[in-house]
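Taking it in order: structure first as structure tokens, then the write-up.
This one's a predicted model, so the numbers in the text were calculated from it and none came from an experiment. One-based numbering along the sequence shown.
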Amino acid sequence: MMKEEWRMHSSLFGHSGFALFPGFIFLFTFLVCLVLPVFREIVSDAGIALGMHYFFLLVGGMVGAFGLMGREFMNRRFGQASLIAYSSRTLPVSERVIFLNFLVKDVVYYFFLYILPFIAGFALAVKLVLPSAAGSFKFSLLTLTLFLSFMIGLSVVFFLSTVYAHSGKTVIAGLLLAFPVLVFASGNFNGETLYAHPGLAFYLAPSETRYLLAPAFLILVPSALSLIFLKVDYPQVQKSFSNSFSGLSSRLGSYRYASFVAKDFLDLKRSEGGLGKIIFSFLLPATLVWVLLSALGNVIPALDSLLLFSLVLGVLSSSMYNWLTEFDLFASYAFLPLKVSDVIKSKLDIYALLNVVPFVFLLGLGLRTEPYTLGPSLLVFLSISFYMVTVLVYLTGLYPSVNLYNGKTFALYALSIVPVLILNIVLSILGPYYLLADLALLPVAVYLLGRSFRKWDGVENPQF
């Protein structure tokens with residue numbers, strides 16, 4: 001499985017292009033952490049550790065969603081790869097054994113791809129810019145506890161996605177009920193609540209070995225249940241649908257891309273996961289981020305929770321473009337009188353429609369919590385969301401889920417995004433109306449979008 005993972009990625013990007021990805025994670029973490037002396041003026045070392053542990057909890061959760069979307073993505077986009085995990089019926093090994101190995105492979109794979117380069121970059125930066133404080137960061141212990149945080153996120157979401165495969169309505173109902181409870185209770189969370197994170201608690205008090213019990217439980221039990229109730233082979237029953245396409249496209253009238261919009265909405269609705277994509281890839285992480293920022297706002301008054309959340313929400317919303325491009329290849333349209341830019345424009349139109357979900361989410365939170373900063377927050381969200389997706393389109397075209405694993409492409413993506421995000425964080429601390437500077441992103445995004453259309457129209461064979 002490790003070999004096939006390498007062969008698949010290296011065949012897409014070349015050996016050096018993919019091998020550079022963890023190297024870039026190391027370099028990027030190192031450069032960002034050079035500003036640690038500034039951050040330590042407003043955030044304690046424990047607060048820095050807190051942010052890292054919750055970050056890897058979210059990363060693990062996003063990886064764990066492969067139980068929901070992995071099979072469909074591999075079959076529809078890389079069916080020719082014929083991976084071991086998706087060929088279980090042809091092998092004299094049980095599906096549970098195969099997916100246990102798949103889970104272990106992913107853990108090892110992401111440990112070397114994300115966690116180890118991150119820790120190495122962080123450790124080098126600390127020793128260079130904070131040599132006197134290097135002893136306060138226990139790097140070997142930090143590696144273990146960040147790994148535990150990643151595994152907790154992966155295991156819990158893998159379990160939820162496995163339950164979703166059996167009964168999507170149960171998971172959706174449960175999460176929709178928990179969602180308003182978390183949002184309305186977030187104002188009561190404080191620093192002590194955040195520091196109860198199992199991995200973080202052990203990092204801060206390594207002598208208390210009892211703190212390892214909670215991470216072990218949250219990793220082993222959900223993983224075991226996911227494997228016991230694994231559902232890989234869906235019944236191949238014949239499905240029939242009424243002609244929703246004609247009615248949906250006709251409602252859009254003479255709109256040029258009506259057929260594309262109708263097709264993509266039906267693809268999203270009928271694909272494995274359906275509404276689960278919005279819950280697992282967007283609403284669930286967004287809710288956790290809001291809870292985290294609300295608690296941090298209680299501890300650090302200089303941070304405006306709603307402004308920072310609108311920034312994060314703009315970043316998260318750009319992931320919706322990934323969903324919309326996972327269903328088909330441009331080769332399917334190659335015999336039609338269309339250009340790549342036509343398909344990209346249709347995806348962007350649907351992206352704009354889907355952005356109503358995070359917009360309403362932010363609007364509701366702002367009216368309830370911080371109405372005086374609601375206007376700047378909405379501006380930040382719209383500006384960042386539009387800018388993020390145009391950068392994504394320019395660098396990756398119709399294949400963001402694939403192209404971002406190229407080290408060079410990801411480096412350009414990060415260099416285009418991170419300075420803007422850091423500047424917004426600084427401006428939000430100075431005052432909400434400083435964020436009106438984000439209006440300057442709009443002409444940049446429009447210009448970049450025009451360049452994107454010309455760039456991808458000029459690619460002779462834009463497919464993977």
> How are the rings of Tyr203 and His53 set relative to one another: parallel (under 30°), tilted (30 to 60°) or perpendicular (over 60°)?
Replying inline: tilted

> To the nearest 0.5 Å, how far apart are CE in Met388 and OG in Ser317?
Replying inline: 7.5 Å

>> Can you confirm whether Ile344 sits close enough to Ser452 that some side-chain heavy atom of one is under 4.5 Å from a side-chain heavy atom of the other?
In response: no

> Can we call the ring centroids of Phe386 and Tyr351 under 6.0 Å apart?
Replying inline: no

> Taking atom types as modelled and ignoring hydrogens, do the side chains of Tyr394 and Ser416 form a donor-acceptor contact shorter than 3.5 angstrom?
Replying inline: no

> Do Phe381 and Leu311 pass the side-chain contact (heavy atoms from CB on, under 4.5 Å) test, and can you show the C-alpha distance, the side-chain angles, and the key distance before you say yes or no?
Replying inline: CA-CA 6 Å; Phe381 164 70; Leu311 190 64; over 6 Å; no

> Mind checking whether Cys33 and Val126 have side chains closer than 4.5 Å, heavy atoms only?
Replying inline: no

>> Show, in sequence, the C-alpha distance, side-chain angles and deciding distance for Leu148 and Leu218, and conclude whether the side-chain contact (heavy atoms from CB on, under 4.5 Å) test is met.
In response: CA-CA 10 Å; Leu148 291 175; Leu218 291 173; over 6 Å; no

> Between Lys345 and Tyr257, is NZ or CZ placed under 6.0 angstrom from the six-membered ring centre and within 45° of the ring axis?
Replying inline: no

> Has the side chain of Ser318 got a donor or acceptor atom that lies under 3.5 Å from a matching backbone atom of Val315?
Replying inline: yes

>> Nearest 0.5 angstrom please: Leu324 CG to Tyr321 OH, how far?
In response: 8.5 Å

> Between the main-chain N or O of Tyr387 and the side-chain N or O of Thr390, is there a donor-acceptor pair closer than 3.5 Å?
Replying inline: yes

> Do other residues, nucleotides or ligands put more than 12 heavy atoms under 6.0 Å from the OH atom of Tyr447?
Replying inline: no

>> Testing the basics here: between Ile219 and Ser155, what is the closest heavy-atom pair and its distance to 0.1 Å?
In response: O-OG, 3.4 Å

>> Show the nearest heavy-atom pair for residues Pro419 and Ala414, with the distance to one decimal.
In response: CD-O, 3.8 Å

> Is the side chain of Asp457 donor-acceptor paired with the backbone N or O of Val340 at a distance under 3.5 Å, no angle test?
Replying inline: yes

> Can you list the steps and then say if Leu204 with Tyr211 is a side-chain contact (heavy atoms from CB on, under 4.5 Å)?
Replying inline: CA-CA 10 Å; Leu204 296 176; Tyr211 286 147; over 6 Å; no

> Relative to the ring of His197, is the ring of Tyr54 parallel (under 30°), tilted (30 to 60°) or perpendicular (over 60°)?
Replying inline: perpendicular

> Nearest 0.5 Å, what's the CZ-CD1 distance between Phe139 and Ile119?
Replying inline: 8.5 Å

> Do Ser346 and Asp264 meet the criterion of a side-chain donor-acceptor pair at a distance under 3.5 Å?
Replying inline: no

> Given side chains that start at C-beta, do those of Leu398 and Trp456 come closer than 4.5 Å, heavy atoms only?
Replying inline: no

> Can the ring centroids of Phe56 and Phe118 be said to lie less than 6.0 angstrom from one another?
Replying inline: yes

> Under a 4.5 Å cut-off applied to non-hydrogen side-chain atoms, are Phe265 and Leu353 in contact?
Replying inline: yes

> So, for Leu392 and Thr396, which heavy atoms are closest and what is the spacing to 0.1 Å?
Replying inline: O-OG1, 2.5 Å

> Do the side chains of Met52 and Ser149 get nearer than 4.5 Å, heavy atoms only?
Replying inline: no

> What's the shortest heavy-atom distance between Met1 and Glu4, and which atoms?
Replying inline: O-CG, 3.1 Å

> CG of Leu348 to CG of Leu449: how many Å apart, nearest 0.5 Å?
Replying inline: 6.0 Å

> Taking side chain as C-beta onward, heavy atoms only, is Leu146 less than 4.5 Å from Phe55?
Replying inline: no

>> Over 60° means perpendicular and under 30° means parallel, so tell me whether Phe150 and Tyr110 are parallel, tilted or perpendicular.
In response: tilted

> Taking the six-membered ring of Phe260, is NZ or CZ of Lys263 closer than 6.0 Å to its centre and within 45° of its axis?
Replying inline: no

> Are Leu116 and Pro22 close enough that some pair of their side-chain heavy atoms sits under 4.5 Å apart?
Replying inline: no

> Counting only heavy atoms not in Phe159, do more than 12 sit closer than 6.0 Å to its CZ atom?
Replying inline: no

> Looking only at heavy atoms, which two atoms of Val107 and Met151 are closest? And how far apart?
Replying inline: CG2-SD, 3.3 Å

> Taking all atoms of both residues into account, what is the closest heavy-atom pair of Asn322 and Thr325, and its distance?
Replying inline: O-OG1, 3.1 Å

>> Parallel, tilted or perpendicular: which one describes the rings of Phe410 and Tyr413, with boundaries at 30° and 60°?
In response: tilted

>> Is there a side-chain contact (heavy atoms from CB on, under 4.5 Å) between Phe309 and Phe361? Walk through the geometry before answering.
In response: CA-CA 11 Å; Phe309 180 68; Phe361 185 24; 3.7 Å; yes

> Can you tell me how far CZ of Phe202 sits from CG of Leu213, rounded to the nearest 0.5 angstrom?
Replying inline: 10.5 Å

>> For the CG atom of Asp342 and the CZ atom of Phe453, what is their distance to the nearest 0.5 Å?
In response: 9.0 Å

>> Any non-hydrogen side-chain atom of Phe28 less than 4.5 Å from a side-chain atom of Pro117?
In response: no

